[in-house]
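See structure below.
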Amino acid sequence: MGWTWSAKHEPLARRTLIFIAAVIRVVLVFYGEWQDAHMDVPYTDIDYIVFSDAARLMLQGKSPYARDTYRYSPLLALFVLPNSLLHRCWGKLLFSAADLLVGHLIGQVLQQRRVAGNVQVACMALWFFNPFTFAVATRGNCEALVCVVIIWVLMCLMAGQLVQAAFWYGVVVHFRIYPIIYALPIVLFLNDDYPSIALRNAKLGVNANKGTLGWISRERVTFSLVSGGVFLALTGICYAIYGVEFLNEGLLYHLTRTDPRHNFSIYFYYIYLHHSLGFTLLERLLAFVPQMGVQLALASFLSKDLAFCIFTQTVAFVAFNKVITAQYFVWFFCLLPLAVPWSKLSWQAGALCMCLWTAAQVHWLGWAYLLEFQGKNVFFQLWLASLAFFAVTVGVLVVLVCKHTLFPTFQQGKLTSIDQSMHTKRD
């Protein structure tokens with residue numbers, strides 16, 4: 001007799017997923033130690049060494065920014081202090097634990113949105129067993145910490161815990177500046193469909209948009225003041241301790257960054273050719289114009305479906321950025337499972353999109369290998385590969401948007417399967 005899914009299988013399936021995912025990550029952390037000791041190419045990410053060195057400097061009473069290329073909040077160095085006190089793998093285990101927590105929270109968000117248990121488990125597996133994401137965490141990259149907080153903010157907003165959402169949003173923007181792009185969709189999300197506003201309007205007997213003075217509402221003001229206050233408080237404390245060095249390295253650097261080294265960005269070749277001449281502030285900021293234009297458009301049209309909105313924003317932000325490294329892909333991989341249940345793409349079409357995106361990435365990596373390891377002058381070819389990667393990324397994003405069924409966060413109704421979600425009424 002064949003095995004069929006039922007609600008009682010869901011807890012077991014979740015626990016099994018988490019256990020297997022945890023084993024994979026622990027094995028990779030310890031394998032990384034072996035590879036670092038015995039092979040020419042290390043497993044550990046160079047950024048992890050930077051974090052560890054910065055933490056060691058903090059223990060010595062010095063500034064973490066005395067470590068060249070440390071351009072993060074002092075909080076990150078604080079988190080990995082046990083690398084020097086306990087074991088050098090502490091940070092990798094911390095990031096891997098955060099990676100596991102991301103998968104768990106993905107299931108919680110989908111449960112809040114009334115997605116069926118079998119779909120929840122499938123979407124969790126999409127994160128847990130993505131080789132890209134668990135490799136990034138076990139090599140010592142901190143992006144999983146950011147992903148945890150972003151999904152937690154989503155959960156808090158959906159549960160009506162506005163102050164808690166605002167607090168953690170302020171923390172994550174301080175920790176890693178890029179989530180600032182979510183400010184507009186969150187503010188738009190806090191509209192008359194939001195439970196507290198809808199309830200207040202109902203009690204007052206007013207229609208939508210009549211209970212607030214235009215854009216101003218208690219919820220929007222609360223979120224702005226709390227998140228902004230937390231961000232400024234953390235930034236102020238770090239400035240008081242580390243001064244202008246913190247502002248330049250931890251914040252301003254990311255706004256005006258021009259990296260002459262090759263990366264996935266379409267801008268890298270221009271930056272490489274003109275780096276020796278220097279760049280004006282206007283030139284440094286000009287690349288933000290198309291990037292911000294796309295952000296405004298996506299936020300304006302998709303904010304009611306907040307999880308999907310910030311997923312598309314993140315993909316677009318990375319694609320249009322001046323610098324793109326592989327770790328940035330984790331930023332939107334953690335949000336992809338939150339969009340899958342409402343996609344009308346067949347699994348074959350979805351697999352084709354992923355294969356095209358991966359092929360474009362591998363094509364780029366081939367030219368990067370010839371440049372980096374073979375010393376061949378293939379900068380122009382590598383730039384063409386960057387253009388191809390950009391085109392494929394944007395193309396896949398357009399397909400995902402066109403094939404997505406917008407499902408407002410506070411719309412009632414339960415999805416019993418991915419197939420049923422494909423037939424959800426279009427708004």
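Along the sequence shown, residues carry numbers from 1. No hydrogens, no waters, no symmetry mates; every other heavy atom, side chains included, goes into these values. Bear in mind that the values here come from a model prediction, so they are computed numbers and not experimental data.
Contact between Ile324 and Val318 at its shortest, heavy atoms only, is CD1-O, 2.9 Å. Smallest separation of non-hydrogen atoms from Glu33 and Lys92: OE2-NZ, 3.8 Å. Of all heavy-atom pairs between Trp342 and Leu338, the closest is CZ3-O, 3.3 Å. Residue Leu78 comes nearest to Met58 through the heavy atom pair N-SD, 4.0 Å, listed as atom of the first residue, atom of the second, then distance. Closest non-hydrogen pair, Gly91 versus Asn83, comes out as N-OD1, 2.9 Å. Of all heavy-atom pairs between Val226 and Val163, the closest is CG1-O, 3.9 Å.
Applying the salt bridge (charged side-chain N to carboxylate O under 4.0 Å, His left out) rule to pairs touching residues 163-180 yields Glu143-Arg176, sequence neighbours excluded.
Ring centroid separation for the pair Phe389 and Phe264 comes in under the 6.0 Å cut-off.
The shortest side-chain heavy-atom distance between Val109 and Met158 falls under the 4.5 Å cut-off. Phe79 has its side chain within reach of Phe175: a pair of non-hydrogen atoms, C-beta onward, lies under 4.5 Å apart. For the pair Tyr267 and Val323, the minimum side-chain heavy-atom distance is 4.5 Å or more. Taking the side chain as every heavy atom from C-beta outward, Ser96 and Val29 approach each other to under 4.5 Å. At least one side-chain heavy atom of Cys402 sits under 4.5 Å from a side-chain heavy atom of Val398. Annotation: side chain of Ile151 is not in contact with side chain of Leu101 (no heavy-atom distance under 4.5 Å). Contact check for Cys142 versus Phe95: side-chain heavy atoms found under the 4.5 Å cut-off. Taking the side chain as every heavy atom from C-beta outward, Trp367 and Leu370 approach each other to under 4.5 Å.
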Walk me through whether Tyr328 and Thr314 qualify under side-chain hydrogen bond (donor to acceptor under 3.5 Å, both in side chains). CA-CA 9 Å; Tyr328 293 4; Thr314 310; over 6 Å; no
Derivation of the ring pair (Phe, Tyr, Trp, His ring centres under 6.0 Å) call for Trp127 and Phe333: CA-CA 7 Å; Trp127 169 264; Phe333 275 143; 7.8 Å; no
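Between the side chain of Thr312 and the backbone N or O of Cys309 there is at least one donor-acceptor pair closer than 3.5 Å. Without hydrogens or angle criteria, Gln374 side chain to Tyr369 main chain gives no donor-acceptor distance under 3.5 Å. For the pair Ser265 (side chain) and Lys322 (backbone), a donor-acceptor distance under 3.5 Å is present. Put simply, the side chain of His174 never gets that close to the backbone of Gly170: no donor and acceptor are under 3.5 Å apart. No donor-acceptor pair closer than 3.5 Å links the side chain of Arg139 to the backbone N or O of Ile46. Using a distance-only test at 3.5 Å, with no hydrogens or angles considered, a donor-acceptor pair links the side chain of Tyr65 to the main chain of Tyr72. In this structure a side-chain-to-backbone donor-acceptor pair under 3.5 Å is missing from Ser224 to Val221. Using a distance-only test at 3.5 Å, with no hydrogens or angles considered, no donor-acceptor pair links the side chain of Ser73 to the main chain of Leu76. In terms of modelled atom types and a separation under 3.5 Å, the side chain of Asp305 and the main chain of Phe407 share a donor-acceptor contact. A donor-acceptor pair under 3.5 Å is formed between the side chain of Gln35 and the backbone N or O of Val41.
Ser386 and Trp364 share a side-chain donor-acceptor pair at under 3.5 Å. His404 and Ser343 form no side-chain donor-acceptor contact under 3.5 Å, judged by distance and modelled atom types alone. Between the side chains of Thr138 and Tyr43, at least one donor N or O lies within less than 3.5 Å of an accepting N or O.
Tested against Leu154 for a side-chain contact (heavy atoms from CB on, under 4.5 Å), the candidates Ile106, Leu306, Leu105 yield a single pass: Leu306.
Between Trp357 and Phe332, the ring planes are perpendicular. Angles over 60° get that label, and only those under 30° would be called parallel.
In this view, Tyr169 satisfies the side chain to side chain donor-acceptor pair (under 3.5 Å) rule with no residue, not counting sequence neighbours.
A cation-pi arrangement is not found for Lys304 relative to Phe189, the charged atom failing to lie both closer than 6.0 Å to the ring centre and inside a 45° cone about the ring normal.
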